[in-house]
Protein chains: 2
Amino acid sequence: MSAPALYDPYRVCPSRQLLDRIGDRWTVLIIGTLEDGPLRFSQISRLIDGISQKMLTQTLRSLEADGLVVRTVYPEVPPHVEYELSALGRTLLEPLEILRAWAVDHMDEVATARAAALG
Amino acid sequence: MSAPALYDPYRVCPSRQLLDRIGDRWTVLIIGTLEDGPLRFSQISRLIDGISQKMLTQTLRSLEADGLVVRTVYPEVPPHVEYELSALGRTLLEPLEILRAWAVDHMDEVATARAAALG
DNA sequence: CAGGATCCTGGCGGATACTG
DNA sequence: CAGTATCCGCCAGGATCCTG
């Protein structure tokens, strides 16, 4: 790193970081499950069919590091860990809902266009 | 494909497709450049510093196939091709702006949390 | 000018096995 | 229960060269 990068996408606009955050395959799904309250690791795992435990752990850790999710460990045997949205994380729910609404309203048009593009 | 996939993320919720669409590194940036009107290939290329010509072509083709962008070829020499947002594409601007607003308002908190997570 | 075709690499993410 | 550790396939995406 002799010189600063001429092009650092993370400095172009702050929304780039957000898009990286929510663009991955699991983040939004996990946030969705936590919308109604705290859940345990195994509960999230069961709610999101198809997620590997590696990716669940990894994404939860990342969400925690970003301050979007709070992780609470109850010192019991067997272990009991709960995850819940932080105040910051909850502020993200509304933008995501708006995005979801757009998808519900327009993704059939996208699907139609895509199908037409093939024919 | 002897049996249908038990877990097809594309059927879980329509917003998954949208997130795949806008989650990649270039889609939103390209849509952003087209917000104020049609542009030529080389103009977009110059506005988005760091994009390879392969990814620009590929993403534009994909946006066109999804009906979000309209591609117009003017039969001239040298070639003249313009890209602009479709009506459908323009409806996506508002949700994206809301997301961008969230990023502007809160990404510093995320950055702070992330920094604290390291120490 | 606006791409098409190729080669190549990093790292996302799945599978599996093991642990306190 | 809630993870950690390891191996590995796949492909998004960059670099490069070529063309109508």
Side-chain angles (χ1 to χ4, degrees), chain A residues 1 5-10 12 16-17 19-30 33-34 38-66 69-84 117, chain B residues 1 5-10 12 16-17 19-30 33-34 38-66 69-84 117:
Chain A
M1 56 166 73
L6 286 179
Y7 175 70
D8 181 356
Y10 285 88
V12 171
R16 184 85 290 281
Q17 296 154 279
L19 288 164
D20 277 353
R21 173 76 269 185
I22 67 174
D24 76 86
R25 202 166 303 284
W26 303 114
T27 290
V28 172
L29 292 178
I30 291 178
T33 66
L34 296 177
L39 288 177
R40 306 180 58 158
F41 186 92
S42 54
Q43 291 179 302
I44 304 175
S45 182
R46 252 173 282 115
L47 285 172
I48 304 179
D49 196 17
I51 192 171
S52 65
Q53 121 295 49
K54 170 189 170 183
M55 289 316 297
L56 180 52
T57 298
Q58 187 172 302
T59 308
L60 283 171
R61 286 285 187 280
S62 176
L63 285 167
E64 187 193 4
D66 284 0
V69 158
V70 176
R71 178 172 181 266
T72 307
V73 180
Y74 297 92
E76 303 173 357
V77 175
H80 182 168
V81 181
E82 278 192 355
Y83 297 89
E84 63 182 324
Chain B
M1 56 167 75
L6 285 180
Y7 175 70
D8 181 356
Y10 285 87
V12 173
R16 184 86 288 278
Q17 295 154 281
L19 288 165
D20 278 352
R21 172 76 271 183
I22 68 174
D24 75 88
R25 201 166 304 284
W26 303 115
T27 290
V28 171
L29 292 176
I30 292 178
T33 67
L34 296 177
L39 289 177
R40 305 179 58 159
F41 185 92
S42 53
Q43 292 179 303
I44 304 175
S45 182
R46 252 173 282 115
L47 285 172
I48 304 180
D49 197 17
I51 192 171
S52 66
Q53 143 293 5
K54 172 189 169 183
M55 288 317 296
L56 180 52
T57 299
Q58 187 172 302
T59 309
L60 282 171
R61 287 285 186 280
S62 177
L63 284 167
E64 188 193 4
D66 284 358
V69 158
V70 176
R71 179 172 181 265
T72 308
V73 181
Y74 297 93
E76 304 172 356
V77 176
H80 182 168
V81 181
E82 278 191 356
Y83 296 89
E84 63 182 324

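Numbered from 1 within each chain, the chains take letters A, B, ... in sequence-line order.
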Practice item. To the nearest 0.5 Å, tell me how far B:L47 CG sits from B:L39 CG. Key: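 Separation between the atoms: 6.0 Å.
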
Between [atom2] of [N] and [atom1] of [X], the distance in whole Å:
X: A:D24; N: C:dG14; atom1: CG; atom2: C1'; result: 15 Å
X: B:I30; N: D:dG13; atom1: CD1; atom2: P; result: 11 Å
X: B:Q43; N: C:dC1; atom1: CD; atom2: C1'; result: 12 Å
X: A:I51; N: C:dC12; atom1: CD1; atom2: P; result: 15 Å
X: A:E82; N: D:dG3; atom1: CD; atom2: P; result: 12 Å
X: B:L39; N: C:dG3; atom1: CG; atom2: P; result: 13 Å
X: B:R21; N: D:dA12; atom1: CZ; atom2: P; result: 12 Å
X: A:Y74; N: D:dG3; atom1: OH; atom2: P; result: 13 Å

Side-chain N or O of [X] less than 4.0 angstrom from OP1 or OP2 on [N]?
X: A:R25; N: C:dG14; result: no
X: A:R71; N: D:dA2; result: no
X: B:R40; N: C:dC1; result: no

Quick one: does [X]'s side chain have a donor or acceptor within less than 3.5 Å of a partner on [Y]'s backbone?
X: A:T27; Y: A:R21; result: yes
X: A:T57; Y: A:Q53; result: yes
X: B:Q58; Y: B:M55; result: no
X: A:T59; Y: A:L56; result: no

Check your understanding: Which is true for A:Y83 with a 4.0 Å heavy-atom rule: it touches a base, it touches only sugar-phosphate, or it touches nothing?
Key ->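 The residue A:Y83 makes sugar-phosphate contact but no base contact.
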
Review point. Among residues 52-60 of chain A, which residues get a heavy atom nearer than 4.0 Å to DNA chain C?
Key: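 Under 4.0 Å from DNA chain C: A:S52, A:Q53, A:K54, A:M55.
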
Review point. Taking the side chain of A:R61 as its heavy atoms from C-beta onward, which of D:dA2, D:dC1, D:dT4 lies nearest to it?
Key: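 The nucleotide sitting nearest to the side chain is D:dT4.
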
Review point. In terms of side-chain heavy atoms, does B:S42 have a donor or acceptor partner in B:R46 at a distance below 3.5 Å?
Key: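 There is such a pair between these side chains.
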
Check your understanding: Any side-chain heavy atom of A:F41 sitting closer than 4.5 Å to one from A:L60?
Key -> yes

